[in-house]
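To keep things clear, I will list the structure first and then write my remarks on it.
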Amino acid sequence: MEKLFRKDETGEVYRLVADRRGIFVQPALFEGFGLTVIEAMTSGLPVFATQYGGPSEIIEDGKSGFRIDPVDGKESTRRLLTFLRTIRTEPEAWSRISKRGIMRVQANYNWRLYSTRLLSLAKTYGFWRYAVNLDQSELYAYLDVLYPLLYKPMSRDLLRKHAESDRTVSFSLQ
């Protein structure tokens, strides 16, 4: 398949779609952070993105975008169609979500905040590493506790929901 645009033109594609009052849909089963969601919101696109992972923190549902359950296709489709029908009769609804999305990203996901948080975390990590002499074995032991307690049950629940949506799941967690 021939590429339609270069990677460095991605922002222009978002802007082109936004200029035509389009939307951005990201129906991944899980999204670690959601950089594409932030890029789309920054461009002014109303965003429909998975409720699992990073987008659940980025998007204020119904205000700065919409969270959808990628496993529940009927409900996701209903939300999309409702919005598309609304903006057909009430064009300011598109602008309202667009502006709130831009404001959300500018207020919470900018370089200044990111660098401040990163430096704060680095200082905290440096302090604790110095104070308790944290080595890799202790870190791995901590992560080994987190995986079965938090992430494995979340993964099972997501797979169960996925299987219930009449899709075939070709793998399972033990």
Side-chain angles (χ1 to χ4, degrees), residues 1-121 150-151 153-169:
M1 181 177 171
E2 182 182 334
K3 285 190 172 189
L4 299 175
F5 58 93
R6 295 188 325 254
K7 188 174 183 167
D8 62 336
E9 295 175 328
T10 303
E12 290 301 315
V13 173
Y14 288 128
R15 193 68 243 149
L16 180 69
V17 175
D19 287 345
R20 288 173 171 71
R21 301 179 71 78
I23 62 172
F24 179 82
V25 181
Q26 190 261 39
L29 289 177
F30 182 84
E31 179 67 38
F33 174 65
L35 183 58
T36 58
V37 170
I38 288 178
E39 290 171 341
M41 288 171 74
T42 298
S43 298
L45 284 168
V47 172
F48 289 79
T50 183
Q51 66 186 16
Y52 301 113
S56 67
E57 294 180 23
I58 298 167
I59 297 170
E60 295 172 297
D61 193 39
K63 295 179 182 174
S64 62
F66 302 91
R67 295 184 205 142
I68 57 173
D69 185 348
V71 177
D72 189 349
K74 287 182 182 179
E75 178 58 21
S76 297
T77 301
R78 187 196 64 74
R79 291 198 81 192
L80 279 159
L81 288 174
T82 299
F83 180 72
L84 293 173
R85 287 178 182 137
T86 299
I87 63 173
R88 195 181 268 175
T89 59
E90 188 185 330
E92 61 275 3
W94 187 95
S95 298
R96 193 170 42 250
I97 294 291
S98 173
K99 288 176 185 171
R100 288 179 185 162
I102 292 169
M103 291 184 336
R104 173 85 174 150
V105 171
Q106 287 176 346
N108 297 290
Y109 299 96
N110 61 58
W111 179 247
R112 182 176 300 232
L113 284 173
Y114 173 76
S115 59
T116 301
R117 288 178 188 157
L118 184 63
L119 289 173
S120 176
L121 287 172
L150 297 175
Y151 299 112
M154 289 169 51
S155 298
R156 280 194 187 124
D157 187 44
L158 184 59
L159 284 171
R160 182 186 51 76
K161 286 181 180 180
H162 185 62
E164 289 173 1
S165 71
D166 296 328
R167 294 185 184 160
T168 306
V169 177

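Numbers here simply count residues along the sequence, with the first being 1.
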Sidechain-backbone polar pair: S120 side chain, T116 backbone, donor-acceptor under 3.5 Å: no

Donor-acceptor contacts under 3.5 Å from residues 34-47 side chains, at least two apart:
| from | atom 1 | to | atom 2 | distance (Å) |
| --- | --- | --- | --- | --- |
| E39 | OE1 | Y14 | OH | 3.2 |
| T42 | OG1 | I38 | O | 2.8 |
| S43 | OG | E39 | O | 3.1 |

List in chain and number order the residues that pass side-chain hydrogen bond (donor to acceptor under 3.5 Å, both in side chains) with [X], two or more places apart in sequence or in another chain; answer none if no residue qualifies.
X: T82; value: none
X: Y109; value: none
X: Q106; value: none

Which residues satisfy the salt bridge (charged side-chain N to carboxylate O under 4.0 Å, His left out) test with [X], sequence neighbours excluded?
X: R79; result: D61
X: E90; result: R96
X: R160; result: D157, E164

Output all residues satisfying side chain to side chain contact (heavy atoms under 4.5 Å, CB included) with [X], sequence neighbours left out; order by chain, then residue number.
X: L16; result: R20
X: I87; result: F83, L84, A93, W94
X: E31; result: Q26, A28, T50, P55
X: R117; result: L113

Side chain to side chain, F24 and V17, heavy atoms closer than 4.5 Å: no

R104 side chain reached by E60 side chain, heavy atoms, under 4.5 Å: yes

Partner residues of Y114 under the ring-ring contact (aromatic ring centres under 6.0 Å, His included) criterion, sequence neighbours left out: W111

Stepwise side chain to side chain contact (heavy atoms under 4.5 Å, CB included) check, R67 with S56: CA-CA 7 Å; R67 295 184 205 142; S56 67; 4.2 Å; yes

Non-hydrogen atoms of P70 and P27 that approach each other most closely: CB-O, 3.2 Å

Over all atoms of both residues, closest heavy-atom pair of A49 and I59: CB-CD1, 3.7 Å

Ring centroid separation Y52 to F30 under 6.0 Å: no

Check ion pair E75-R78 (N to O, under 4.0 angstrom): yes

Side chain to side chain contact (heavy atoms under 4.5 Å, CB included) between I97 and I23, worked out: CA-CA 10 Å; I97 294 291; I23 62 172; over 6 Å; no

